[in-house]
Number of protein chains: 2
Amino acid sequence: MSENIEAGLVLSVINLQSKIQKRIGSALSAHGIGLSDYLVLNQLYTAPNQKVRRSDLAEQVGLSPSGVTRLLNPMEKIGLVKKQENPRDARVSLVALTTAGTKIYEDAQVSFKHASAALLEPLDKKELDEFYKLLKAVL
Amino acid sequence: MSENIEAGLVLSVINLQSKIQKRIGSALSAHGIGLSDYLVLNQLYTAPNQKVRRSDLAEQVGLSPSGVTRLLNPMEKIGLVKKQENPRDARVSLVALTTAGTKIYEDAQVSFKHASAALLEPLDKKELDEFYKLLKAVL
DNA sequence: CTCAAATGATTGAGCAGTCAAACATATTGC
DNA sequence: GCAATATGTTTGACTGCTCAATCATTTGAG
């Protein structure tokens with residue numbers, strides 16, 4: 001058995017995530033949202049019709065369905081997203097971005113990009129491409 | 001401004017972490033510990049004298065000092081770690097591994113390594129090295 | 001048709017962590 | 001020596017999530 005670089009690598013990813021959480025989290029807090037909110041807005045923004053089923057959303061942002069319910073409730077109250085029912089299937093509840101939500105997302109996206117660039121500043125273009133390629137291979 | 005690969009890359013790291021959390025978490029649960037517990041045991045195991053200050057531990061595992069207090073309490077109760085006072089400075093409280101803790105860690109480490117290898121199975125040796133190098137450059 | 005099983009969302013209870021305040025001890029400047 | 005300040009830890013109140021149970025609706029088998 002070789003040196004088991006895998007375990008060390010996983011630990012490093014965990015450390016990186018912890019750094020991301022802190023830096024991106026504080027960048028986003030200026031917009032009054034958390035990282036999970038951002039991930040949700042991001043999914044809605046890039047979704048075909050800016051409507052997504054709650055359970056798909058859960059899958060996409062890595063939360064449980066109940067986590068999504070609890071996350072969306074306050075977002076709905078402050079008017080970032082709105083609930084829409086599906087006429088074909090009354091069990092599912094679609095979520096859509098509001099204009100206010102779109103605005104907030106676009107603002108927050110700028111901060112997100114800046115913070116990401118700052119975080120990855122030690123890498124040059126070629127390394128970024130390589131890094132991205134490796135991540136996609138594992139996902 | 002170029003394509004802003006950085007933001008996409010950060011999102012990918014977040015996705016990877018979410019996958020790690022789930023897979024490694026369930027591997028560790030067979031040993032009755034969570035990922036944070038494992039990180040703590042790992043730090044203690046690899047520390048010079050298997051004694052660490054609580055606040056250093058917080059830094060190393062990416063928790064707040066109070067998070068460490070709350071994490072260690074149950075671990076101490078089930079005998080994985082023990083508190084030791086520092087005769088030179090009564091403010092600090094050192095944490096040390098017990099024999100039971102060492103045993104659990106060594107067992108859990110096997111699962112951790114297996115789960116990590118499974119997770120990174122799509123990459124070959126050369127890619128693993130490259131990945132690791134990039135992670136260390138960013139940390 | 002109808003009713004049993006499947007699917008999607010929400011709710012209740014609880015755990016893991018945060019932040020800010022409190023507490024305990026140490027260090028420093030006068 | 002002794003206040004004032006700094007450092008390390010814990011505690012109280014809260015947030016954000018999970019899991020299991022529940023509710024609502026749909027689907028499918030007889």
Side-chain angles (χ1 to χ4, degrees), chain A residues 14-15 17-26 28-29 32-41 43-44 51-78 80-96, chain B residues 14-15 17-26 28-29 32-41 51-78 80-96:
Chain A
I14 292 172
N15 286 340
Q17 156 73 6
S18 151
K19 208 168 163 180
I20 287 175
Q21 182 77 252
K22 273 159 192 143
R23 300 254 212 121
I24 307 277
S26 86
L28 291 176
S29 74
I33 63 178
L35 183 48
S36 291
D37 304 83
Y38 182 82
L39 294 178
V40 163
L41 294 176
Q43 287 298 328
L44 293 176
K51 278 184 218 172
V52 178
R53 298 169 58 213
R54 288 164 112 82
S55 52
D56 293 347
L57 207 44
E59 173 85 10
Q60 290 157 355
V61 306
L63 291 186
S64 64
S66 63
V68 168
T69 295
R70 298 192 202 279
L71 185 63
L72 289 180
N73 265 331
M75 294 178 72
E76 203 176 332
K77 250 174 205 131
I78 63 175
L80 300 183
V81 300
K82 57 177 179 289
K83 199 182 287 196
Q84 292 181 210
E85 38 179 53
N86 182 344
R88 298 262 163 196
D89 185 341
R91 284 169 309 183
V92 325
S93 146
L94 300 171
V95 194
Chain B
I14 292 172
N15 286 341
Q17 157 72 8
S18 151
K19 207 168 164 179
I20 287 175
Q21 181 77 249
K22 273 159 192 143
R23 300 252 214 124
I24 307 278
S26 85
L28 291 176
S29 74
I33 64 177
L35 183 49
S36 290
D37 304 82
Y38 182 81
L39 294 177
V40 163
L41 294 177
K51 278 185 218 173
V52 178
R53 299 168 58 212
R54 289 164 111 84
S55 52
D56 293 346
L57 207 44
E59 173 86 11
Q60 291 157 354
V61 305
L63 291 184
S64 63
S66 62
V68 168
T69 296
R70 297 193 202 280
L71 185 63
L72 289 180
N73 265 331
M75 292 179 73
E76 203 176 334
K77 248 171 207 136
I78 63 175
L80 301 183
V81 300
K82 56 177 179 288
K83 200 182 286 196
Q84 292 182 210
E85 38 180 54
N86 182 345
R88 298 262 162 196
D89 185 343
R91 285 170 308 182
V92 323
S93 143
L94 300 171
V95 194

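Numbered from 1 within each chain, the chains take letters A, B, ... in sequence-line order.
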Rounded to whole angstroms, how far apart are [atom1] on [X] and [atom2] on [N]?
X: Leu72(B); N: dT10(D); atom1: CG; atom2: P; value: 8 Å
X: Leu63(B); N: dG8(D); atom1: CG; atom2: P; value: 18 Å
X: Glu59(A); N: dT18(D); atom1: CD; atom2: P; value: 13 Å
X: Asn73(A); N: dG16(D); atom1: CG; atom2: P; value: 12 Å
X: Glu85(B); N: dT9(D); atom1: CD; atom2: P; value: 13 Å
X: Asp56(B); N: dT7(D); atom1: CG; atom2: P; value: 14 Å
X: Arg53(A); N: dT26(D); atom1: CZ; atom2: C1'; value: 12 Å
X: Leu57(B); N: dT10(D); atom1: CG; atom2: P; value: 11 Å

For this session: Would you mind classifying the nucleic acid contact of Arg54(B) as base, sugar-phosphate or nothing, using non-hydrogen atoms under 4.0 angstrom?
Result: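 It contacts sugar-phosphate atoms only.
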For this session: Look at all strands and tell whether Ser55(A) reaches a base, only sugar-phosphate, or nothing, counting heavy atoms closer than 4.0 Å.
Result: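 Sugar-phosphate contact only.
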For this session: Pick out which of Arg54(A), Arg53(A), Glu85(A) makes a side-chain contact (heavy atoms from CB on, under 4.5 Å) with Val92(A).
Result: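 Between Val92(A) and the candidates, side-chain contact (heavy atoms from CB on, under 4.5 Å) is satisfied uniquely by Arg53(A).
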Kindly give the heavy-atom pair with the smallest separation between [X] and [Y], and that separation in Å.
X: Leu57(A); Y: Val68(A); result: C-CG2, 4.3 Å
X: Gly62(B); Y: Ser18(A); result: CA-OG, 3.9 Å
X: Gly34(A); Y: Leu28(A); result: O-CD1, 3.9 Å
X: Leu44(A); Y: Val95(A); result: CD2-O, 3.5 Å

Problem set entry | Any residue of residues 86-95 of chain A with a heavy atom less than 4.0 Å from an atom of DNA chain D |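 Contacts with DNA chain D under 4.0 Å: Asp89(A), Ala90(A), Arg91(A).
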Exercise. Can you check whether Arg70(A)'s main-chain N or O pairs, donor with acceptor, with Asn73(A)'s side chain at less than 3.5 Å?
Worked result: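 The answer is no, because no donor-acceptor pair under 3.5 Å joins these two groups.
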Exercise. Is there a donor-acceptor pair closer than 3.5 Å between any side-chain N or O of Ser64(B) and the backbone N or O of Gly67(B)?
Worked result: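 Side chain of Ser64(B) to backbone of Gly67(B), a donor-acceptor pair under 3.5 Å: yes, one is there.
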For this session: Indicate yes or no: at least one non-hydrogen side-chain atom of Leu94(B) is less than 4.5 angstrom from one of Val52(B).
Result: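 When only atoms from C-beta onward are counted, Val52(B) and Leu94(B) do not touch, as no gap falls below 4.5 Å.
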Exercise. Chain A on DNA chain C: first and last contacting nucleotide, 5' to 3', under 4.0 Å to a heavy atom?
Worked result: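 With heavy atoms of chain A under 4.0 Å away, the range is dA6(C) to dA13(C).
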For this session: Tell me whether the OP1 or OP2 atom of dC17(D) has a side-chain N or O from Ser36(A) closer than 4.0 Å.
Result: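 Result: yes.
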Exercise. Are OP1 or OP2 of dC17(D) and a side-chain N or O of Lys22(B) less than 4.0 angstrom apart?
Worked result: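 For Lys22(B), the contact criterion (side-chain N or O under 4.0 Å from OP1 or OP2 of dC17(D)) is not met.
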For this session: Take Ile14(A) and Leu35(B), measure what side-chain contact (heavy atoms from CB on, under 4.5 Å) needs, and give me the verdict at the end.
Result: CA-CA 10 Å; Ile14(A) 292 172; Leu35(B) 183 49; 4.0 Å; yes
